[in-house]
Amino acid sequence: MSRRTTIASALGATGALVWGVPAMANSAPGADPSDVSTLWYRSPAADWERDSLPIGSGALGAGVHGTLATERLTLNEKTLWTGGPGAADGYDHGDWTAPRPGALASVQQRLDREGRLDPATVAAELGQARSGYGAYQVLGDLEVTVPGAPDVPDATYRRSLDIGNAVAAVSYTHQDTAYTREFFASFPDRVIVGHFTADRPGLTSFTLRYTSPRTDFTTTASGDRLTVRGALQDNGLRFEAQIRLRTQGGTVRAEADGTLTVSGADRAWFVLAAGTDYADTGPAHRGEDPHPAVTRAVDHAAARPYETLRAAHVRDHRALFDRVSLDLGGHLPDLPTDQLLTGYTGGNGSGDRALETLYFQYGRYLLIASSRPGSLPANLQGVWNNTTNPPWSADYHVNINLQMNYWLAEVTNLAETTAPYDRYVESLRAPGRRSARRLFGTPGWVVHNETNPYGFTGVHDWPTAFWFPEAAAWLTQQLYDHYRFSGSTHYLRATAYPVMKEAAEFWLANLRTDPRDGTLVVTPSYSPEHGDFTAGAAMSQQIVHDLLTNTLEAATTLGDAPAFRTRLQDTLERLDPGLRVGSWGQLQEWKADLDSPTDDHRHVSHLFALHPGRQIEPGSAWAEAAKVSLSARGDGGTGWSKAWKINFWARLRDGDHARTMLAEQLTGSTLANLWDTHPPFQIDGNFGATSGIAEMLLQSHHGPIEILPALPAAWPRGRVTGLRARGGATLDITWSGGRATRIVLRASRTGELTLRSTLLPGGERTFRATAGRTYTFPAPEGPAPTE
Ligand code: FUC
């Protein structure tokens, strides 16, 4: 067996370790040029943000450094947050602490009279200093000190992340012995696992130590168990982590300083579980002490063989990851990923296409690793964070970022990852209802620019980012889309519709008649982080249009009260749609023609109707105007902004420009570990780019399933399998010469589907699909069901 043997085969069919075989886990870089599922490097991480390799199970995460003498895992538990109830500074959910009678009306009247107001003026009237908002906290670092390990890596060193198996690995040879480390975060077993071995017996020795930038914890070691217990100083949130060490051969010693040492083992592995007493319901947001659940998880995992844990983890991951494959005809050169990235030109090279494929799948990997049921949704950094004071608190920005994290979920066949999002949005409803009452005096629920795990649904006072009541409406879009993809009326009735309806009720009560033209507008309205306050900015109108349209559709599907439906219909008819062509042919960002053709702001909010909305049809005058605006904004921007632009250009059916934006993101906004950088690291760009690539290959937001709507010339041949379309269809598409040559559609529900492709006679075929059947095209006659 060669040194490139993967551990799966080294373990043999039964999972037993085959001794004498250098089990170089994931050490296949370059071995198989069509393997585009491994990131690998020739040196350890020097910088957490740029280099660490992320593993995660949704609730738990770790950044693997691969440092030789002391391996470092930066640990995360997603609910470890300061702030909220019990916070040292006090906590008010962002709701006004004292009533402000007439404040909102006075801003609205001034906007009626003056047309625009600068953000500082409005913030002085409606904002409030933030207290007790909190921040996502790093859990700490696990250090594994390996005696005798070399300080400096040589040519035998490999550090890798196999995103197909979700296993990170480190391998090196020292004094004729091959050493291997493997790390993974298991969702089924709720533990992080680290395995250390050498190809000669008795040579595995190390010391495990927990460290933290905070001082709010104690560590104790006893037997094979290391326990960390603490409570955050700010809010008293209790947390616990436990590590248990398993060995084959050798001895384990617990030290008084809270460390565990293994000496002379053939191999050894640890299992680590962690939790907090956070609960996602108010008012206290506290639940059970984490001790029993952490003990259960770690004991259960410690009782199972390493191979069993690994196999269960790989099976669980692959059940999601393997649903989609992408082949753009690229082949990975035998180059580490950082060199592949620096060598990337956005040209036609096969290495470039391989990197694009890897980057696409990496977005899916990151979503699986950071959004699984039972914890919070993916935050600004997914689940990964190495400080007590991360950028923007690593929170839930809902003026763009959280929504963007889930754009890829349905289309890339990871619908299950949306469960934490749904639950989180639902958890905002009760505090959001209170904010609606206190700030607006109306029913419905609301949330503004950004929020935390403690139901912060009110405002703060940063002038250009404090006011965005449209966020609640926008958050419900994903819920309705989940229904559109799955077709589950049970989900629509039980989960999506109540949240949508209450968000709609907020806007039914809060839209105002614009005295200038009698339309209904959002006021005050602020196009995210840009310009002045006005009434009826395009994004505000488009978001409300989207919400009311979706709610009306859902109300009709579910047969809700006719009076409510009529109200929605009447309101939609009077609503300013937020679509207007301005003096230079642009789609206006504001109701008045205020846009500057030299404005290159990163937000392109007024194109919401194009993406993620569905108000703009391709080929329409609005689409043309959107193109003018988008071209004027240019191809620059921060990481997430470039990812938005991939999606926009894909929706405009310009595959080449979408690919240009992907290249911009890879060349200018991507770190060596392929994390997107705003800068700093922000995961929405990864998720948005994966969504954008999917939008280039398949769209279904207007109903019909559009095959290869925005294929760039640089991808003339290829194949994608497993993408999902609205209406309950799963698609495999093969193309050549820039045109589809074969389409396979698997229907998961019975109903009419329309497929659009140059492959079909007349470019379109409408047929009644039967759940469970497969349809292939071209077919001799009509859609030919094949089993
Ligand atoms: C929005 C963006 C910023 C940043 C922040 C986390 O406010 O405008 O660029 O992404 O979220």
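Quick caveat, the model's predicted, so the values are computed rather than measured. All ligand and atom numbering here is 1-based and tracks the order in the structure.
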- Message: Checking the side chain of Thr451 only, and the main-chain atoms of Phe456 only, is there a donor and an acceptor separated by less than 3.5 Å?
- Response: yes
- Task: Work out whether the distance between some heavy atom of Asn399 and some atom of ligand 1 is less than 4.0 Å.
- Result: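 Right, Asn399 reaches ligand 1.
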- Message: Can you tell me if Arg602 contacts ligand 1 (heavy atom of the residue under 4.0 Å from the ligand)?
- Response: yes
- Between Tyr344 and Glu356, is a side chain to side chain donor-acceptor pair (under 3.5 Å) present by the stated rule, with each step listed? CA-CA 9 Å; Tyr344 175 89; Glu356 288 162 351; 2.5 Å; yes
Residue [X] vicinity, atoms of ligand 1 by number, heavy atom under 4.0 Å:
X: His397; value: 1 (C), 5 (C), 6 (C), 7 (O), 11 (O)
X: His603; value: 2 (C), 8 (O)
X: His678; value: 3 (C), 4 (C), 9 (O), 10 (O)
X: Asn401; value: 1 (C), 6 (C), 10 (O), 11 (O)

- N/O to N/O below 3.5 Å, does that happen between Glu529 and ligand 1? yes
- Task: May I ask you to check if ligand 1 and Trp392 share an N or O to N or O distance below 3.5 Å?
- Result: no
- Query: Would you call the rings of Tyr424 and Tyr396 parallel, tilted or perpendicular if under 30° counts as parallel and over 60° as perpendicular?
  - Reply: tilted
- Item | Residues, nucleotides or ligands: over 12 heavy atoms within 6.0 Å of Arg423 CZ | no
- Task: Apply ring pair (Phe, Tyr, Trp, His ring centres under 6.0 Å) to His460 and list each qualifying residue two or more places apart in sequence or on a separate chain.
- Result: none
- Taking ring pair (Phe, Tyr, Trp, His ring centres under 6.0 Å) as the test, write out the residues that go with Trp407, two or more places apart. His611, Trp644
